[in-house]
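Notes to accompany the following structure.
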Amino acid sequence: MPADIDTISEAIAEAHRNPRGRVPGSRLVDLTRGDAMAVQGAVLKQLRERVPVAKVAMPPDGIAMAAPIPAGMVIDDGGTIELCERDLAGLEIEVAVRLGADLTPEIAKADRSAVLQTIQHFILGIELIGSRIDDRTKAGPFGPLADNMVTGGYVIGRQTLAQAPKVDGMVITLSSDEAISQRETAKYPFGDALSPIIAFAGMADDHFGSFKKGMVITTGSLSPLLIVPRRGRIEVNLGDFIPLSFTLR
């Protein structure tokens with residue numbers, strides 16, 4: 001039976017609006033990859049949100065995926081996120097790019113140097129991982145994809161980098177209210193920062209408006225999930241780069 005894209009997107013959109021809202025995973029279990037992408041786009045239309053940030057990933061099957069992070073979930077480094085009753089599994093520190101020009105499928109299929117010409121600079125960012133699904137284990141293979149790849153928000157770092165940073169092996173530290181609570185070692189999840197961006201951009205999928213000038217595209221966690229309390233001042237350090245921080249309340 002074909003998935004009811006409209007009904008599912010309405011449920012996810014309502015869960016975005018209501019911090020206590022959750023969508024039963026069983027409602028998403030039969031979604032295909034295409035269905036999940038269609039749900040993402042429909043949710044954005046219902047929320048009437050613009051998309052300043054997108055996230056990309058390369059699953060084991062090798063087919064790139066992406067999801068929008070709506071403006072209402074994005075803050076700058078040093079800002080505050082009102083978590084309320086929203087789900088928060090943890091944080092990920094990631095390398096991202098800010099586009100200085102549209103990244104079209106034609107450019108993505110050309111060569112890496114053409115893609116690099118669309119990038120204004122590289123930055124670091126923090127992604128909050130949180131879901132609107134009550135039980136992701138019951139949501140099938142593409143339920144989490146429909147739920148914006150389970151993003152709960154994003155913090156845009158202020159340090160600009162002219163080139164993709166070489167982060168593999170760098171130390172990551174997480175601090176909560178100035179006390180270090182976790183240490184990890186950084187490693188690019190998909191080999192480098194550009195590969196997942198190029199893979200998805202070349203697919204000509206425009207379910208959330210494609211990769212436009214000014215957009216930030218974030219490229220996957222550099223470490224295992226960073227676990228944080230639901231309240232307090234959070235700081236994440238990567239090597240000698242400027243730390244990223246924000247407040248949860």
Side-chain angles (χ1 to χ4, degrees), residues 16 19 49-57 67-99 119-132 148-190 192-193 197 214-249:
H16 273 277
E49 284 268 30
R50 64 183 183 88
V51 183
V53 181
K55 58 185 292 189
V56 291
I69 304 181
M73 304 170 72
V74 176
I75 65 169
D76 290 325
D77 184 33
T80 297
I81 290 179
E82 301 282 349
L83 197 59
C84 301
E85 299 298 321
R86 299 189 189 282
D87 177 54
L88 177 64
L91 311 178
E92 297 178 348
I93 184 167
E94 304 177 350
V95 173
V97 303
R98 186 180 291 279
L99 295 179
I119 295 173
Q120 180 175 317
H121 53 248
F122 292 81
I123 59 173
L124 300 178
I126 295 174
E127 183 185 359
L128 283 70
I129 303 302
S131 180
R132 275 98 359 221
N148 293 53
M149 287 168 63
V150 297
T151 189
Y154 193 77
V155 181
I156 299 176
R158 65 184 182 274
Q159 183 176 9
T160 60
L161 308 169
Q163 299 177 337
K166 297 179 180 179
V167 301
D168 286 6
M170 286 187 174
V171 175
I172 296 169
T173 59
L174 168 69
S175 300
S176 175
D177 292 331
E178 301 184 353
I180 294 176
S181 58
Q182 191 171 344
R183 287 184 174 86
E184 302 289 349
T185 301
K187 183 176 178 59
Y188 275 116
F190 309 114
D192 59 27
I197 295 174
M215 180 179 283
V216 170
I217 308 174
T218 191
T219 62
S221 182
L222 300 178
S223 78
L225 197 65
L226 303 172
I227 307 302
V228 294
R230 294 182 62 86
R231 300 289 184 272
R233 188 68 175 173
I234 308 300
E235 182 175 284
V236 183
N237 287 261
L238 171 64
D240 294 328
F241 294 110
I242 296 174
L244 292 92
S245 64
F246 70 103
T247 299
L248 279 172
R249 67 181 186 195

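- Among residues two or more places apart in sequence or in another chain, the salt bridge (Lys or Arg N to Asp or Glu O under 4.0 Å) test is passed with D87 by none.
- Remark: E49 engages no residue in a side chain to side chain donor-acceptor pair (under 3.5 Å) (not counting sequence neighbours).
- Scanning for salt bridge (Lys or Arg N to Asp or Glu O under 4.0 Å) contacts around E92 gives an empty result, with sequence neighbours left out.
- The side-chain hydrogen bond (donor to acceptor under 3.5 Å, both in side chains) pairs that include a residue from residues 159-170 number zero, where partners must be two or more places apart or lie in different chains.
- The closest side-chain donor-acceptor pair between T151 and E127 falls under 3.5 angstrom.
- Every residue meeting the salt bridge (Lys or Arg N to Asp or Glu O under 4.0 Å) condition with E82, not counting sequence neighbours, appears here in chain and number order: R249.
- Partners of S223 by side chain to side chain donor-acceptor pair (under 3.5 Å), not counting sequence neighbours: none found.
- Partners of R183 according to the salt bridge (Lys or Arg N to Asp or Glu O under 4.0 Å) rule, which considers only residues two or more places apart in sequence or in another chain, do not exist here.
- Applying the side chain to side chain contact (heavy atoms under 4.5 Å, CB included) criterion to A54, with sequence neighbours excluded, gives F208, F211, M215.
- The shortest side-chain heavy-atom distance between L248 and L88 falls under the 4.5 Å cut-off.
- Every residue two or more places apart in sequence or in another chain that forms a side chain to side chain donor-acceptor pair (under 3.5 Å) with T247 is listed here: R233.
- The side-chain contact (heavy atoms from CB on, under 4.5 Å) test with I197 is passed by exactly one of D192, T218, I217: I217.
- With sequence neighbours excluded, no residue forms a side chain to side chain donor-acceptor pair (under 3.5 Å) with T219.
- Screening residues 171-180 for side-chain hydrogen bond (donor to acceptor under 3.5 Å, both in side chains), with sequence neighbours left out, gives no hits.
- Residue pairs that meet the salt bridge (charged side-chain N to carboxylate O under 4.0 Å, His left out) test with at least one member in residues 220-231, sequence neighbours left out, do not exist here.
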